[in-house]
Amino acid sequence: VKKLASFASFAFLGCAHTMGGQPSPEVQFDTTAVDDILEWCQTSTGAPPEDWRASRAYTLTREWAKWSGMPDPDRDVEQVLSQIHVQKIADPTSIPLNRVERFLGALLEGREGFIHDATPHLAAYLPADTPIRGQVLFAMFIPPYAFAWGDGSIVINLTASYWGFEPKKVLHLLMHELFHNGYGLHQRGSSPMEAASGSALVESILWQTHNEGLATYIGYRARPPDLFIEDYALIEDAVTSAQLFEKLRQLIDEASAAPPDGLEPLKRKTLTLGSEERAFYVVGATMALRIETLLGRATLVDTIKKGPRAFFDLYQSTNPTTPSLLPR
Ligand SMILES: [Zn+2]
């Protein structure tokens, strides 16, 4: 049985290892949450392990679900583990998550090259001296394919169909998630679910459009030619992009005029339009593309210090064909 390294740190610290005067990257890969499950899959009997519940990856996923207004994600994990258990009893020679284990192995092998390639690109799109760091925590059977948490943790769901078991796709998206870690040091933001007023909901929408938009744009600028990413196709689809601009404009308009007791349906709409329909990602990235093209990278990067409203104002100052996203 090949036991994967449960914890591996790639910290380049000290002057000898700094890269061309850039801040030292500190990116760790942590497989603690999935090790027990993968090991259990290779044994012939026994009930599913329980330790995953207490691991950081799954603890953060529960927090993320609350933040996103989603139900308890542990149920999904329990359900899949009991299905695997049934499969193992029916066929003791099967190794149910063999493919996941190989996928994880390829990711661990690719991390050093990733850090080498991604660091200069990230540094170019973050304010000077922003540390590039993150603890990458692997999980399985959770609802999102990946998310970044405010404490520098990045959770990657190895079994998400989104990845198609392509290590290149995970490592590419890791850049997006590491960008969030850097951005979060400058602009904290808050959950739309916690907004107690229309204006608080608007602030959350602007923050997410800025944050997700820049993260998506930075990935887009470094997109490998042989990798298909849905959001990038939407950025290049002028019709869909214009529709998302208009829907987001309407949502911001409605939220800014909403009384506190009318916020619930708008919070739902924020999640549906912003995350599921990709408005935060596509609109924000399209805005970033226009700002960099017309005003330069330094001006775009400066919005990370100035905040989401500066980003929206700057975009409007370029006289785009779309109507203003901010309420008059
Ligand atoms: Zn993101």
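Throughout, residue positions are numbered sequentially from 1 according to the sequence presented.
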*Asks:* Measure from the side-chain N and O atoms of Trp52 to the backbone N and O of Tyr58, and report whether any donor-acceptor pair falls under 3.5 Å.
*Replies:*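 Between the backbone of Tyr58 and the side chain of Trp52 there is no qualifying donor-acceptor contact (under 3.5 Å).
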*Asks:* To the nearest 0.5 Å, tell me how far Glu203 CD sits from Ile252 CD1.
*Replies:*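 Here the rounded value is 10.0 Å.
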*Asks:* Let me confirm one number: the CG-CG distance from Leu104 to Leu38, rounded to the nearest 0.5 Å.
*Replies:*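 Reported to 0.5 Å precision, the distance equals 6.5 Å.
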*Asks:* Treating Asn157 as the side-chain partner and Pro144 as the backbone partner, does any N or O pair qualify as donor plus acceptor under 3.5 Å?
*Replies:*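 Answer holds: yes.
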*Asks:* Any sub-3.5 Å donor-acceptor pair from His176's side-chain atoms to Glu212's backbone N or O?
*Replies:*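 No, because the side chain of His176 does not come within donor-acceptor range (under 3.5 Å) of the backbone of Glu212.
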*Asks:* With distance as the sole criterion, is a donor-acceptor pair present between the side chains of Glu230 and Tyr281 under 3.5 Å?
*Replies:*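 No, Tyr281 and Glu230 have no side-chain donor paired with an acceptor closer than 3.5 Å.
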*Asks:* Measure the spacing between CD of Glu26 and OG1 of Thr119 and express it to the nearest 0.5 Å.
*Replies:*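 Atom-to-atom, Glu26:CD and Thr119:OG1 are 11.5 Å apart.
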*Asks:* Please determine if Glu78 and Arg53 form a salt bridge, counting it only when a charged side-chain N lies under 4.0 Å from a carboxylate O.
*Replies:*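 Looking at Arg53 together with Glu78, the answer is yes, because their closest N to O distance falls below 4.0 Å.
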*Asks:* Measuring from atom NE2 of His172 to atom CG of Asp117, what distance do you get when rounded to the nearest 0.5 angstrom?
*Replies:*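 Those atoms lie 12.0 Å apart.
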*Asks:* Atom NE2 in His180, atom CH2 in Trp149: separation rounded to 0.5 Å?
*Replies:*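 Rounded to the nearest 0.5 Å, the NE2-CH2 separation comes out at 12.5 Å.
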*Asks:* Quick one: are Tyr220 and Ile229 in side-chain contact, heavy atoms under 4.5 Å?
*Replies:*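 Not touching, per the 4.5 Å side-chain cut-off.
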*Asks:* Apply side-chain hydrogen bond (donor to acceptor under 3.5 Å, both in side chains) to the pair Glu254 and Gln250, showing each step before the final yes or no.
*Replies:* CA-CA 6 Å; Glu254 284 173 52; Gln250 282 174 17; over 6 Å; no
*Asks:* State, without any angle test, whether Tyr217 and Arg221 hold a side-chain donor-acceptor pair at a distance under 3.5 Å.
*Replies:*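 Yes - a donor-acceptor pair under 3.5 Å links their side chains.
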*Asks:* With distance as the sole criterion, is a donor-acceptor pair present between the side chains of Tyr315 and Thr322 under 3.5 Å?
*Replies:*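 Yes, a side-chain donor-acceptor pair sits under 3.5 Å.
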*Asks:* Under a 4.5 Å cut-off applied to non-hydrogen side-chain atoms, are Thr61 and Phe147 in contact?
*Replies:*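 Thr61 vs Phe147: side chains touch.
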*Asks:* Taking the hydrophobic residues Ile, Leu, Val, Met, Phe, Trp and Tyr, and joining any pair whose side-chain heavy atoms are under 4.5 Å apart, which ones share a cluster with Met193?
*Replies:*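 Result for Met193 is Leu271.
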*Asks:* Would you call Asp313-Lys306 a salt bridge at under 4.0 Å N-O?
*Replies:*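 Answer for the salt bridge query: no.
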*Asks:* Residues two or more places apart in sequence or in another chain: which of them pass side chain to side chain contact (heavy atoms under 4.5 Å, CB included) with Gln79?
*Replies:*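 Only Gln83 meet the side chain to side chain contact (heavy atoms under 4.5 Å, CB included) criterion with Gln79.
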*Asks:* Are Ile142 and Trp67 linked, directly or through other ILVMFWY residues, by side chains that come within less than 4.5 angstrom of each other?
*Replies:*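 Linked within one cluster.
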*Asks:* Can you classify the ring geometry of Tyr183 versus Phe179 as parallel (below 30°), tilted (30 to 60°) or perpendicular (above 60°)?
*Replies:*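 Tilted: the ring planes of Tyr183 and Phe179 meet at 30° to 60°.
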*Asks:* Rounded to the nearest 0.5 Å, what's the gap from OG1 on Thr272 to NZ on Lys267? Could you check?
*Replies:*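 Atom-to-atom, Thr272:OG1 and Lys267:NZ are 14.0 Å apart.
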